[in-house]
Amino acid sequence: MFSTVLAADKLLRKALDELEPCCFDGDDAARLLKLFAEAERLAAAGKAMMARRVEETNRWRRDGARSAADWLAATTGSSVGAAVGTLETARRLEKLPATAEAQRQGRLSEAQAKELAAAATAKPDAEADLLRAAQSEPVAALRQRCARVKAVAHDDEAARHRRIHQERRLRYWNDADGAFRMDLRITTEAGAVILANLKPFCDEIFAEARAAGRREPTEAYAADAFVRMAEAAGSRNGEEASSGPRATVHVRVDHAALVRGHVEGDEVCEVPGVGPIPVATARAWAGDAVLKALVTKGVDVVAVAHAGRTVTAAQRAALEERDRACVVPGCTVTRGLEIDHVDGWAVTRTTTLDRLARLCSWHHDQKTYFGHRLEGRAGDWRLVAPEHPPDDDHADSGSDPAGHPPGTLHLALAGSTQ
């Protein structure tokens with residue numbers, strides 16, 4: 001075994017030593033990248049199996065490490081947190097032979113194996129479906145699917161919710177560069193409230209940056225918005241809190257689960273982009289909020305109940321429920337999405353839900369300025385590149401996230417209302 005691995009290592013080193021990226025065209029570069037990615041997955045599988053064996057034999061103690069995870073982190077140059085995840089996944093895979101075999105064959109990345117192992121451990125009969133999903137879905141979509149599986153797997157979601165709440169924590173420290181860092185662990189709905197209150201400040205910071213001609217990563221704007229939100233709270237210190245409605249929070253929950261009081265099977269009760277929440281929480285939130293309800297069937301919105309709002313607002317609510325991420329296959333962007341008239345407003349002069357789609361700023365620019373076409377229908381869109389791309393560049397490809405009025409709880413009801 002050692003000779004085989006050493007020979008493979010020698011061959012890979014030789015290949016990298018001789019590699020001249022500039023000698024390859026785009027197609028060959030893409031092929032080689034896929035080969036290196038497969039080698040990386042295979043190496044990650046071997047690393048995980050051997051790490052587990054080092055843990056089992058207590059070999060790590062001989063080097064004076066505090067734990068097997070500390071030893072693994074020092075040996076591989078990774079963080080302790082990543083090492084803990086590797087060992088935890090390896091332990092779980094011992095009871096999941098199908099997933100373990102998929103990883104050994106290089107069909108799962110380290111991130112995919114981690115998510116899948118955690119979900120399949122909680123609900124073993126979901127393993128086959130998750131393995132199939134892993135072959136076609138991006139990691140972000142697989143992570144969301146696994147989160148739903150784990151949420152359904154717990155018989156008592158209220159007890160799970162209480163446990164997470166009891167384990168809540170906020171830690172902060174200064175890293176090696178002197179930067180202030182935070183780590184927050186709270187329930188999903190508490191996180192959703194934070195994000196909902198943070199969004200207006202993010203939009204404000206974004207607008208200011210755009211007006212000043214600055215372009216920075218979204219994460220940078222979010223960090224500035226978090227500070228501004230804290231400053232706003234501090235400026236009101238000692239004053240009576242506003243009695244106005246709370247910030248916008250979107251909730252997607254199957255109608256049957258809402259009536260029953262808990263989710264079953266493939267049903268969901270979640271804050272899109274954040275994670276699952278107990279049905280009881282969705283009910284409580286709906287009880288004291290202005291309600292915007294969407295009744296959906298699959299990806300098609302079949303009815304919109306939106307008292308007191310304009311048609312445009314109703315369509316926006318329907319789109320947010322239907323297109324929760326950029327509709328271009330493989331794109332997982334969920335923030336700052338822009339509404340696109342698929343056929344072009346100047347051509348049709350009409351706005352119908354089935355010919356609207358939400359795109360990230362990059363793909364929206366590709367369609368608007370660079371000749372790409374959006375073809376298909378809701379749930380099955382595809383972005384088609386032009387045969388003769390335009391030569392001119394479009395200077396402004398940023399997003400302009402649409403805001404939502406404060407004080408509205410969005411509750412998406414999926415399935416039949418009968």
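Computed from a predicted model, the values in this text were never measured in an experiment.
One N or O on the side chain of His372 and one on the backbone of Gln366 form a donor-acceptor pair closer than 3.5 Å. No donor-acceptor pair closer than 3.5 Å links the side chain of Asp323 to the backbone N or O of Leu319. Not one N or O on the side chain of Asp340 forms a donor-acceptor pair closer than 3.5 Å with the backbone of Ala357. With hydrogens and angles ignored, the 3.5 Å screen pairs a side-chain donor or acceptor of Gln112 with a backbone N or O of Ser109. The main-chain N or O of Asp27 is found under 3.5 Å from a side-chain atom of Asp25 such that the two form a donor-acceptor pair.
Residues Val342 and Leu356 fail the side-chain proximity criterion, which asks for heavy atoms closer than 4.5 Å. Put simply, the side chain of Val193 does not reach to within 4.5 Å of the side chain of Glu189, judged on heavy atoms. Using a 4.5 Å heavy-atom threshold, the side chains of Thr281 and Thr187 count as separate. Contact annotation: the side chain of Met182 approaches that of Leu170 to within less than 4.5 Å [non-hydrogen atoms, C-beta and beyond]. Arg322 has its side chain out of reach of Arg358: every pair of non-hydrogen atoms, C-beta onward, lies at least 4.5 Å apart. Residues Arg52 and Glu94 have side chains in contact (heavy-atom distance under 4.5 Å, counting atoms from C-beta outward). Val328 has its side chain out of reach of Trp381: every pair of non-hydrogen atoms, C-beta onward, lies at least 4.5 Å apart. Using a 4.5 Å cut-off on side-chain heavy atoms (C-beta onward), Val54 and Leu72 make no contact.
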> Does the salt bridge (charged side-chain N to carboxylate O under 4.0 Å, His left out) test come out yes or no for Asp183 and Arg181, once each step is laid out?
Replying inline: CA-CA 7 Å; Asp183 175 61; Arg181 302 283 297 275; over 6 Å; no

>> Would Thr99 and Leu131 count as a side-chain contact (heavy atoms from CB on, under 4.5 Å) here? Give the steps.
In response: CA-CA 7 Å; Thr99 303; Leu131 279 170; 4.1 Å; yes

>> As a quick check of understanding, evaluate side-chain contact (heavy atoms from CB on, under 4.5 Å) for Ile277 and Glu270, giving each step before the final call.
In response: CA-CA 5 Å; Ile277 64 172; Glu270 63 184 19; 5.8 Å; no

>> One pair to check against side-chain contact (heavy atoms from CB on, under 4.5 Å): Leu108 and Gln135. What are the steps and the verdict?
In response: CA-CA 8 Å; Leu108 293 177; Gln135 301 309 306; 4.1 Å; yes

>> Run the side-chain contact (heavy atoms from CB on, under 4.5 Å) test on Lys199 and Asp203 for me, step by step, so that the C-alpha distance in whole Å, both residues' side-chain angles and the decisive distance to 0.1 Å come before the verdict.
In response: CA-CA 6 Å; Lys199 186 180 185 306; Asp203 293 343; 2.8 Å; yes

>> Test salt bridge (charged side-chain N to carboxylate O under 4.0 Å, His left out) on Asp129 and Arg145; report intermediate values, then the result.
In response: CA-CA 10 Å; Asp129 288 339; Arg145 182 186 291 269; over 6 Å; no

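The CH2 atom of Trp60 sits 10.5 Å away from atom CG of Leu87, with the distance rounded to the nearest 0.5 Å. The CG atom of Leu93 sits 12.0 Å away from atom NZ of Lys95, with the distance rounded to the nearest 0.5 Å. Between atom OG1 of residue Thr75 and atom CG of residue Asp63 there is a gap of 7.0 Å, rounded to the nearest 0.5 Å. Distance check, rounded to the nearest 0.5 Å: CG of Leu383 to NE2 of His364 gives 11.0 Å. Of the inter-residue distances, the one linking Ile205 atom CD1 with Thr218 atom OG1 reads 13.0 Å to the nearest 0.5 angstrom. The distance from atom CZ of Arg59 to atom CH2 of Trp71, rounded to the nearest 0.5 Å, is 6.5 Å.
Under the rule for a ring-ring contact (aromatic ring centres under 6.0 Å, His included), the partners of Tyr172 that lie at least two apart in sequence or sit in another chain are Phe180. In this structure Arg13 satisfies the side-chain contact (heavy atoms from CB on, under 4.5 Å) test together with Asp9, sequence neighbours excluded. With sequence neighbours left out, Ala209 forms a side-chain contact (heavy atoms from CB on, under 4.5 Å) with Arg214, Tyr221. Residues passing the side-chain contact (heavy atoms from CB on, under 4.5 Å) test with Ala15, sequence neighbours excluded: none. Take Ile186 and apply the side-chain contact (heavy atoms from CB on, under 4.5 Å) test, not counting sequence neighbours, and it matches Arg168, Leu184, Ala190, Ile194. Looking at residues two or more places apart in sequence or on another chain, you find no salt bridge (charged side-chain N to carboxylate O under 4.0 Å, His left out) involving Arg171. Judged as a side chain to side chain donor-acceptor pair (under 3.5 Å), and not counting sequence neighbours, the contacts of Ser67 are Asp70. Residues passing the side chain to side chain donor-acceptor pair (under 3.5 Å) test with Glu101 are Gln105, sequence neighbours excluded. With sequence neighbours excluded, the residues that form a side chain to side chain donor-acceptor pair (under 3.5 Å) with Ser78 are Thr76. The side chain to side chain donor-acceptor pair (under 3.5 Å) test applied to Arg143 returns Glu115, not counting sequence neighbours.
A salt bridge is defined here as a Lys NZ or Arg NE, NH1 or NH2 lying under 4.0 Å from an Asp or Glu carboxylate O, and Glu56 with Arg53 meets this definition. One finds no salt bridge joining Lys14 and Asp17 here, because no Lys/Arg side-chain nitrogen approaches an Asp/Glu carboxylate oxygen to under 4.0 Å. With respect to the salt-bridge test (charged N to carboxylate O, under 4.0 angstrom), the residues Arg228 and Glu208 qualify. Electrostatic pairing of Lys114 and Glu88 does not count as a salt bridge here, judged by no charged N lying under 4.0 Å from a carboxylate O.
When all heavy atoms of Arg355 and Gly376 are compared, the pair lying nearest together is NH1-O, 3.4 Å. Nearest heavy-atom pair across Ala69 and Ala83 is O-CB, 3.3 Å. Scanning both residues, Ala48 and Ala90, for their nearest heavy atoms gives O-CB, 3.7 Å. Cys202 and Ala222 get closest at one heavy-atom pair: SG-CA, 4.0 Å. Contact detail for Thr89 and Ala113: the closest heavy-atom pair is CG2-O, 3.8 Å. Scanning both residues, Pro386 and Gly371, for their nearest heavy atoms gives CB-O, 3.4 Å.
Among pairs with a residue in residues 34-50, those fulfilling salt bridge (Lys or Arg N to Asp or Glu O under 4.0 Å) read Lys47-Glu110, at least two apart in sequence or across chains.
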Residues 257-264 side chain polar contacts: donor-acceptor under 3.5 Å, at least two apart:
{"residue": "Arg260", "atom": "NH1", "partner": "His262", "partner atom": "O", "Å": "2.7"}
{"residue": "Arg260", "atom": "NH1", "partner": "Glu267", "partner atom": "OE1", "Å": "2.8"}
{"residue": "Arg260", "atom": "NH2", "partner": "Glu267", "partner atom": "OE2", "Å": "3.0"}
{"residue": "His262", "atom": "NE2", "partner": "Glu264", "partner atom": "OE2", "Å": "3.0"}

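Around CZ of Arg107, the count of heavy atoms belonging to other residues, nucleotides or ligands within 6.0 Å exceeds 12. More than 12 heavy atoms of other residues, nucleotides or ligands sit less than 6.0 Å from atom CZ of Arg185.
Test Thr334, Asp365, Val333 against Cys360 for side-chain contact (heavy atoms from CB on, under 4.5 Å) and you get one pass: Val333.
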